[in-house]
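Order of listing sets the numbers, starting from 1, for every ligand and every atom in it. Bear in mind that the values here come from a model prediction, so they are computed numbers and not experimental data.
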Amino acid sequence: MCSIIAYKGYRDAAPLMVKALSRMEYRGYDSVGIATAHNSALIVKKGVGNVSYVNARLNLDSMQGNAGIGHTRWATHGAVNDNNAHPHVSCNGRIAVVHNGLVENHDELRFMLSKEGHVFKSETDSEVIAHLLESLPTTMDDMRHGYDSMDKAITDMLSMLNGSYSFVALTSNGMLLGARYHEPLIIGLGNPSRSKGGGDDDNNNDNNGDDDDDDYMLLVDECFIASDVLAFIEYTDKAIFLADGEVFVVRGITEACKPRLSIEIYNSRDGKAIVKEVTQIAWEFADVDKGRFAHYTLKEIHEQGHAISRAFFNADSKRLHLLVDALIDADRITITGSGSSYHAALMAKYLFSKICMLRCDAIVASEFTYNIDTYVGNGSPILFAVSQSGETADVLNAVRIARDNNFKKIASIVNSPLSTLARESDIFLSINAGPEVGVAATKSFTAQIALLYRISMEVARSKGINPPTLDIESSSINVEKMLEREAVISDLAESIKNANSIYIIAKGMHHVIALECALKLKELAYIHAEGIHAGELKHGPLALIDEKSIVIALNPMDDTYSDVITSVHEAKARGAYIIGVSDSKSSSSIYDFTLTIPRVDRLLYPLYEVIPLQLLAYHMALKRDCNPDYPRNIAKSVTVK
Ligand code: M6R
């Protein structure tokens with residue numbers, strides 16, 4: 001989705017924001033824009049393209065000013081063009097706004113504002129926010145600070161916005177104001193301290209008559225406001241995570257000495273000031289360089305050996321046992337997620353039943369609401385959400401629906417322990433995969449599965465079931481073995497790069513990997529691909545198979561092996577080119593090409609099958625001139641429904 005960065009402090013805002021936007025580019029890359037406040041005026045530059053392209057064209061990073069806002073857009077309302085790029089500016093040119101989310105009643109607001117004389121320059125829903133701020137009875141700059149309640153005009157204005165938003169507005173005088181509702185917004189704090197209390201400081205213009213109780217006001221040397229901590233982690237590891245319905249104001253309180261800025265946070269419903277906890281962010285979030293790799297996606301594919309072991313072995317034991325108890329106590333378990341995380345949820349269904357005899361349903365998060373009656377148990381249902389980002393709107397929506405329907409517990413596994421999903425869950429576990437920047441889920445998917453193995457094994461132990469042996473210790477070696485074949489996989493990608501469709505057939509739990517492989521081929525290489533239950537081939541899809549078809553058969557040596565071979569013969573008889581993914585030497589003569597996987601414990605095959613297929617999708621993307629890190633039309637963190 002879109003990403004937001006804002007800065008106020010003693011540094012040049014623009015270069016810092018350009019860098020931050022590049023780091024968050026996984027969230028959206030249709031267009032880019034920046035506004036800075038300099039000499040009591042706004043400077044705005046924006047255009048279509050990715051960050052480096054727009055920066056090269058418009059010299060964004062040479063814009064002057066110590067306060068600014070920036071944005072990368074992932075279009076929802078309005079075409080991808082320069083006008084629709086953010087920031088959007090009020091008619092008087094004194095307020096610029098960047099927004100992430102969707103103002104659902106924007107048509108109505110646009111109509112009302114147009115009648116009042118406001119002129120709109122874009123087709124976006126976001127622009128209404130700039131005009132609404134301009135039409136406040138007191139100007140933003142004039143709002144006094146140091147009070148224990150927010151100016152009513154702002155709270156009234158926010159109550160007019162329906163939908164989801166996080167936005168930051170910048171005034172020509174360099175003040176920042178923003179709010180969050182169902183979209184993430186985090187404030188990074190440069191050298192924070194709390195105000196000591198009213199009246200004891202010339203810099204504190206507290207005119208409200210009280211001379212105490214205003215320690216809600218944070219003082220900082222500089223502040224960063226962003227959609228993701230990756231944007232500012234190199235400058236500070238201290239942050240405030242805004243909750244839904246919170247609004248903040250950042251102002252300069254003195255130029256003479258540090259601290260220079262005040263940050264006030266209010267509840268937008270009643271306007272009351274809030275004292276927010278300052279969170280210490282783990283520095284490992286800063287590890288977002290491509291290193292020796294050409295793309296983040298490739299780097300993240302290569303990191304999977306370690307990611308798998310970290311997810312399995314580093315699970316927080318206290319949280320793990322809380323989760324295990326909750327799963328055992330539940331009378332109904334529903335697992336949900338979107339995209340690859342939904343595939344991990346589907347895998348959980350297999351693992352829970354095979355390893356620890358827990359029955360559960362898996363459902364795509366965006367479908368949960370339509371099937372809620374099925375999932376409400378007899379008093380103790382649990383919703384178990386799987387998400388890399390923890391910010392996926394469909395998943396958060398499912399969580400909120402489960403809460404409204406009195407689910408006993410919400411549990412989740414996430415890659416971002418500071419995410420909204422983690423915060424809204426009764427119990428969450430981190431998959432510990434480290435930042436995943438490539439839009440395609442790779443290491444987060446295998447890490448999710450590794451953690452699901454661990455959870456299943458712990459449930460089994462708690463239930464007195466002997467868990468199977470799973471040799472996770474060898475995961476790094478096994479992953480390495482497959483990565484060594486990258487050159488061969490690249491050649492394979494070259495030979496099939498012009499395929500129109502690829503069919504991936506599999507049985508049992510391997511079908512989940514077939515679905516995941518199809519998703520990777522679609523999003524990375526823009527090839528139509530389908531994951532098919534091997535047994536279903538003869539019930540219809542076989543009609544599509546001819547000598548131009550490519551069929552990938554997931555065929556490890558387990559109980560699915562001979563049935564898959566039968567389907568392979570059916571496809572081969574129609575002339576299809578067959579790629580076998582197997583550890584069996586005897587079947588290699590049936591395939592036109594074999595992707596060898598290691599012989600491992602049967603339940604572990606899915607973990608290793610997916611890796612050569614991720615590499616295949618990555619190399620197909622390169623051969624077809626697609627940028628694997630930033631596939632067209634999609635964003636990493638899908639924060640709109
Ligand atoms: O952050 P999440 O795991 O909740 O994201 C869910 C999906 O948007 C995500 O898995 C998406 O399908 C990936 N691009 C797949 O590679």
Give the atoms of ligand 1, by number and element, whose distance to some non-hydrogen atom of [X] is under 4.0 Å.
{"X": "A441", "answer": "15 (C), 16 (O)"}
{"X": "S387", "answer": "1 (O), 2 (P), 3 (O), 4 (O)"}
{"X": "K520", "answer": "15 (C), 16 (O)"}
{"X": "S389", "answer": "1 (O), 2 (P), 4 (O)"}
{"X": "S341", "answer": "2 (P), 3 (O), 10 (O)"}
{"X": "Q388", "answer": "1 (O), 2 (P), 3 (O), 4 (O)"}

I need the nearest protein heavy-atom contact for [atom]: residue, atom name and distance, please.
{"atom": "atom 2 (P) of ligand 1", "result": "T392 OG1, 3.2 Å"}
{"atom": "atom 12 (O) of ligand 1", "result": "G339 CA, 3.2 Å"}
{"atom": "atom 16 (O) of ligand 1", "result": "E523 OE2, 2.3 Å"}
{"atom": "atom 6 (C) of ligand 1", "result": "S338 O, 3.2 Å"}
{"atom": "atom 8 (O) of ligand 1", "result": "V638 CG2, 3.9 Å"}

For [X] and [Y], test the side chains for any donor-to-acceptor distance below 3.5 angstrom and give the result as yes or no.
{"X": "N162", "Y": "E104", "result": "no"}
{"X": "D361", "Y": "T334", "result": "no"}
{"X": "T72", "Y": "S3", "result": "yes"}
{"X": "Q304", "Y": "T442", "result": "no"}

query: What do you reckon, is CG of N500 surrounded by more than 12 foreign heavy atoms closer than 6.0 Å?
result: no
message: Counting only heavy atoms not in K522 (residues, nucleotides, ligands), do more than 12 fall under 6.0 Å from its NZ?
response: yes
message: Could you check whether R332 makes a cation-pi contact with Y375, meaning its NZ or CZ is under 6.0 Å from the centre of the six-membered ring and within 45° of the ring axis?
response: no
Six-ring centre of Y526, R624 cation under 6.0 angstrom, axis tolerance 45°: no
query: Under 3.5 Å between some N or O of ligand 1 and some N or O of S340?
result: yes
message: Counting only nitrogen or oxygen atoms and a 3.5 angstrom limit, does V439 reach ligand 1?
response: yes
task: Under 4.0 Å, heavy atoms only, figure out whether ligand 1 is touched by the backbone of E391, its side chain, both or neither.
output: neither
query: Would you call E494 and K497 a salt bridge, taking side-chain N to carboxylate O under 4.0 Å as the test?
result: yes
